[in-house]
Amino acid sequence: FEQGMEAIPILRKIIGPLAPRVNYSIKWDGLEKTLGLSSIFDRLSFDHSYISGFSKQWRGNPAGGQRVEAERINYGFVPLLGINATVRQFWKGDLSSTIRYSTSSSYDLNIAARNILELLTQELSISLSYSRRGFEIPLFGLSLNNDIDFSASYSMSHNSRTTYEVNQLETNPEGIPLEGTTRTIFEPRLRYMLSARVNASVYYRYTKLAPDKGGSLIPGSTTNEGGLDLKINIQ
């Protein structure tokens with residue numbers, strides 16, 4: 001690259017029209033009324049937003065002008081789709097759920113190395129929670145008020161890195177994959193309160209890390225965890 005050369009057209013050659021310049025955000029509450037679902041949902045909302053940016057590193061030249069050292073473009077939908085829902089009544093308790101899907105990209109142009117590094121991230125997350133208060137279960141001739149809380153979360157995220165050699169954009173537009181991984185996490189939790197003095201909670205957590213087929217420096221792994229916590233307050 002020549003000193004002072006504007007390198008942003010090279011980045012645009014890769015990402016094309018995928019990165020609009022205007023950031024925006026959309027949030028729609030009261031969706032249950034608009035769709036006529038008020039008999040099912042207490043609250044239903046939708047959100048969607050887009051963010052983007054551009055930065056440049058440069059040095060001044062004593063002889064005049066500038067020398068560009070690096071440039072960066074980033075953009076993403078965070079989230080592309082977001083839904084929040086609260087069910088009006090479910091098994092005499094409160095049930096709510098959230099779904100979000102986000103995707104983001106960044107492109108770093110290194111002038112000295114004459115390459116472009118692409119970072120891609122995609123993430124899906126789903127959460128569910130349920131609670132019920134004051135229901136009675138006969139036990140040993142007694143009728144005790146009980147509370148229960150249940151939650152479950154699931155997430156899957158994919159991250160990858162690809163490098164593009166500027167001199168090979170015509171012959172190798174797909175670039176060279178460096179590494180990529182997909183992380184999956186699933187975690188349900190249950191908390192049960194038999195009385196003010198007795199409560200128990202149990203959880204399970206599943207984590208899986210899978211490298212991309214194209215190769216990755218990070219090995220794959222699977223982890224299973226679980227636990228039980230019992231508390232009895234004696235006074």
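Heavy atoms only: backbone and side chains are in, while hydrogens, waters and symmetry mates are out. Computed from a predicted structure; not experimentally measured.
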**Item:** Approximate separation, where rounding is to 0.5 Å, of R100 CZ and N84 CG
**Value:** 7.5 Å
**Item:** Closest non-hydrogen atom pair between S45 and K27, with its separation
**Value:** OG-NZ, 4.4 Å
**Prompt:** Between L95 and I83, is there a shared hydrophobic cluster once you connect ILVMFWY residues whose side-chain heavy atoms come closer than 4.5 Å?
**Reply:** yes
**Message:** Under a plain distance cut-off of 3.5 Å, with no hydrogens placed, do N159 and T181 share a side-chain donor-acceptor pair?
**Reply:** no
**Asked** Listed by chain and number, what are the side chain to side chain donor-acceptor pair (under 3.5 Å) partners of Q122, not counting sequence neighbours?
**Response** Y101
**Message:** Assigning hydrophobic clusters by single linkage (Ile, Leu, Val, Met, Phe, Trp, Tyr; side-chain heavy-atom cutoff under 4.5 Å), is L31 placed with V87?
**Reply:** yes
**Request:** Taking the side chain as every heavy atom from C-beta outward, state whether R43 and D29 have any pair of such atoms under 4.5 Å apart.
**Result:** yes
**Prompt:** Should we say atom CZ of R183 is surrounded by more than 12 heavy atoms from elsewhere, each under 6.0 Å from it?
**Reply:** no
**Asked** Which heavy atom of S97 sits nearest a heavy atom of L128, and at what distance?
**Response** CB-CD1, 4.0 Å
**Message:** Enumerate the salt bridge (Lys or Arg N to Asp or Glu O under 4.0 Å) contacts for residues 75-86, please, sequence neighbours excluded, ordered by first and then second residue.
**Reply:** none
**Asked** Between the main-chain N or O of S38 and the side-chain N or O of R88, is there a donor-acceptor pair closer than 3.5 Å?
**Response** yes
**Prompt:** Y204 and P188: which non-hydrogen atoms are nearest, and at how many Å?
**Reply:** O-CD, 2.9 Å
**Prompt:** Under a 4.0 Å N-O cut-off, is there an ion pair linking D149 with R189?
**Reply:** no
**Asked** So, for I148 and M193, which heavy atoms are closest and what is the spacing to 0.1 Å?
**Response** N-CE, 4.4 Å
**Message:** Is the ring pair Y24/H48 parallel, tilted or perpendicular, if the boundaries are 30 and 60 degrees?
**Reply:** tilted
**Asked** Do you reckon Y130 sits in the same ILVMFWY cluster as V202, going by side-chain contacts under 4.5 Å, direct or chained?
**Response** yes
**Message:** Quick check: do N110 and L117 have side-chain heavy atoms less than 4.5 Å from each other?
**Reply:** no
**Prompt:** Mind checking whether Y107 and Y75 have parallel, tilted or perpendicular rings, split at 30° and 60°?
**Reply:** parallel
**Prompt:** Considering only heavy atoms from C-beta outward, does the side chain of S104 approach that of N74 to under 4.5 Å?
**Reply:** no
**Prompt:** Do the non-hydrogen side-chain atoms of L120 and T103 ever get within less than 4.5 Å of each other?
**Reply:** no
**Message:** Working to the nearest 0.5 angstrom, can you tell me the gap between I73 CD1 and S55 OG?
**Reply:** 9.0 Å
**Prompt:** Does a side-chain heavy-atom distance below 4.5 Å link S105 with E118?
**Reply:** no
**Fill in**
When rounded to the nearest 0.5 Å, the distance separating CG of L109 from NZ of K56 is 11.5 Å
**Message:** For R191, is there an ion pair with D229 - N to carboxylate O distance below 4.0 angstrom?
**Reply:** no
**Asked** Rounded to the nearest 0.5 Å, how far apart are CE of M156 and CD1 of I126?
**Response** 9.0 Å
**Asked** What's the shortest heavy-atom distance between A200 and L230, and which atoms?
**Response** CB-CD1, 3.8 Å
**Prompt:** Are any non-hydrogen side-chain atoms of L35 and F41 less than 4.5 angstrom apart?
**Reply:** no
**Asked** Do you know the tightest heavy-atom contact between E165 and R114?
**Response** OE1-O, 3.7 Å
**Message:** Checking the side chain of T222 only, and the main-chain atoms of K208 only, is there a donor and an acceptor separated by less than 3.5 Å?
**Reply:** no
**Request:** Identify whether L80 and Y50 are in the same connected component of the hydrophobic contact network (ILVMFWY, side-chain heavy atoms under 4.5 Å).
**Result:** yes
**Request:** Would you kindly confirm whether F46 and I51 end up in one hydrophobic cluster when ILVMFWY residues are joined by side chain heavy atoms under 4.5 Å apart?
**Result:** no
**Request:** Count the heavy atoms belonging to other residues, nucleotides or ligands that lie under 6.0 Å from NZ of K33, then report whether that count exceeds 12.
**Result:** no
**Prompt:** Going by heavy atoms in the side chains, are P177 and D212 under 4.5 Å from each other?
**Reply:** no
**Message:** Has N23 got a side-chain atom pairing as donor or acceptor with S52's backbone, closer than 3.5 angstrom?
**Reply:** yes
**Asked** What is the distance from atom CG of N199 to atom CG of D147, rounded to the nearest 0.5 Å?
**Response** 10.0 Å
**Prompt:** Does D94 have any side chain to side chain donor-acceptor pair (under 3.5 Å) partners at least two apart in sequence or in another chain, and if so, which?
**Reply:** none
**Prompt:** Just how far is it from atom OG of S153 to atom CZ of F186, taken to the nearest 0.5 Å?
**Reply:** 8.0 Å
**Prompt:** Can you tell if the side chain of D42 reaches within under 4.5 Å of the side chain of E32, non-hydrogen atoms only?
**Reply:** no
